[in-house]
Amino acid sequence: MKVDAARSALNAVNPDVTIVAVHKRLEDFTVVESADVVLDCTDNFATRHAINRACVKHRKPLVSGAAIRFDAQLMVFDLRKPASACYACLFPEDAQVEEVQCSTMGVFAPLTGVIGAMQAMEALKLVAAIGESLDGRLMIFDAKSAEWRTVKVRKDPDCGVCGTK
Ligand SMILES: [Zn+2]
């Protein structure tokens, strides 16, 4: 199974790490409750929003990465902080978005490595409280031009998930 293969590969690199592989479709994301940090590496909006809701509910920092074709995004939502934006502040759940998945559109292979490594870096920084996280900033990478852009992201008081109004 995929999760067992992933566990074996990771333990080959670092045998001291205990990996709990969960081989089932996560419906309610209660697993988030016991996490220190959550990494979203999924490829569809329904799952991304479900993970975001769980992170808002349990106030867990969320490191979100996405890559499609030659474009990628990296975000941190430090939901331990009441003033931090959540994923839905940026991409509202009721927005009419065209689902574009890398499984159908393809992704420039090294790009997933770039974004994955940066997600790991932000996750480790959050867990170890090192430096300044990417909370409140969206990093956008254009692989074709090799250019990074950073956009500030603010909490939406009218957000349907984390909003206070
Ligand atoms: Zn929100």
Side-chain angles (χ1 to χ4, degrees), residues 3 20 22 24-108 111-143 147-165:
V3 288
V20 180
V22 180
K24 66 172 187 176
R25 176 171 284 278
L26 297 175
E27 302 290 352
D28 55 9
F29 292 95
T30 49
V31 67
V32 163
E33 196 172 356
S34 59
D36 294 315
V37 61
V38 176
L39 286 81
D40 182 349
C41 316
T42 62
D43 68 348
N44 64 85
F45 283 112
T47 308
R48 286 183 180 276
H49 282 301
I51 293 170
N52 179 61
R53 276 189 176 275
C55 288
V56 168
K57 182 181 175 187
H58 298 295
R59 305 178 70 95
K60 300 295 180 178
L62 171 61
V63 182
S64 179
I68 189 121
R69 292 179 293 239
F70 293 92
D71 302 307
Q73 296 178 346
L74 179 70
M75 296 158 276
V76 170
F77 306 98
D78 193 346
L79 299 162
R80 296 172 299 188
K81 302 175 185 171
S84 289
C86 82
Y87 185 79
C89 292
L90 193 58
F91 301 106
E93 288 188 336
D94 56 1
Q96 296 294 318
V97 287
E98 194 184 341
E99 187 90 68
V100 185
Q101 293 180 359
C102 57
S103 55
T104 51
M105 294 307 294
V107 60
F108 188 47
L111 196 49
T112 52
V114 169
I115 295 301
M118 291 198 66
Q119 280 185 272
M121 183 177 72
E122 287 300 314
L124 289 170
K125 282 167 58 186
L126 285 163
V127 169
I130 297 168
E132 200 177 316
S133 87
L134 203 52
D135 184 40
R137 288 176 288 162
L138 163 65
M139 286 187 85
I140 302 166
F141 182 57
D142 178 345
E147 279 187 306
W148 289 96
R149 281 192 305 133
T150 304
V151 180
K152 283 211 161 125
V153 177
R154 287 202 170 81
K155 185 185 182 85
D156 177 2
D158 295 324
C159 174
V161 178
C162 75
T164 46
K165 281 185 182 170

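Start at 1 and go down the list; that is how both ligands and their atoms are numbered.
In this structure the side chain of K155 never reaches within 4.5 angstrom of the side chain of C86, judged on heavy atoms.
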Discussion item. Determine whether S84 and D78 satisfy the following criterion, side chain to side chain donor-acceptor pair (under 3.5 Å), listing intermediate values before the conclusion.
Written reply: CA-CA 6 Å; S84 289; D78 193 346; 5.7 Å; no
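Every residue two or more places apart in sequence or in another chain that forms a salt bridge (Lys or Arg N to Asp or Glu O under 4.0 Å) with D40 is listed here: R48. R154 meets the side chain to side chain donor-acceptor pair (under 3.5 Å) test with no other residue; sequence neighbours excluded.
Contact check on K60 versus E33 returns no salt bridge, with no Lys/Arg side-chain nitrogen under 4.0 Å from an Asp/Glu carboxylate oxygen.
For the Zn ion (ligand 1), the nearby protein N/O/S atoms, meaning those under 2.8 Å, are C86 SG, C89 SG, C159 SG, C162 SG.
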Side-chain donor-acceptor distances from residues 120-129 under 3.5 Å, at least two apart:
residue	atom	partner	partner atom	Å
E122	OE1	L134	N	3.0
E122	OE2	K125	NZ	2.9
K125	NZ	E132	O	2.9

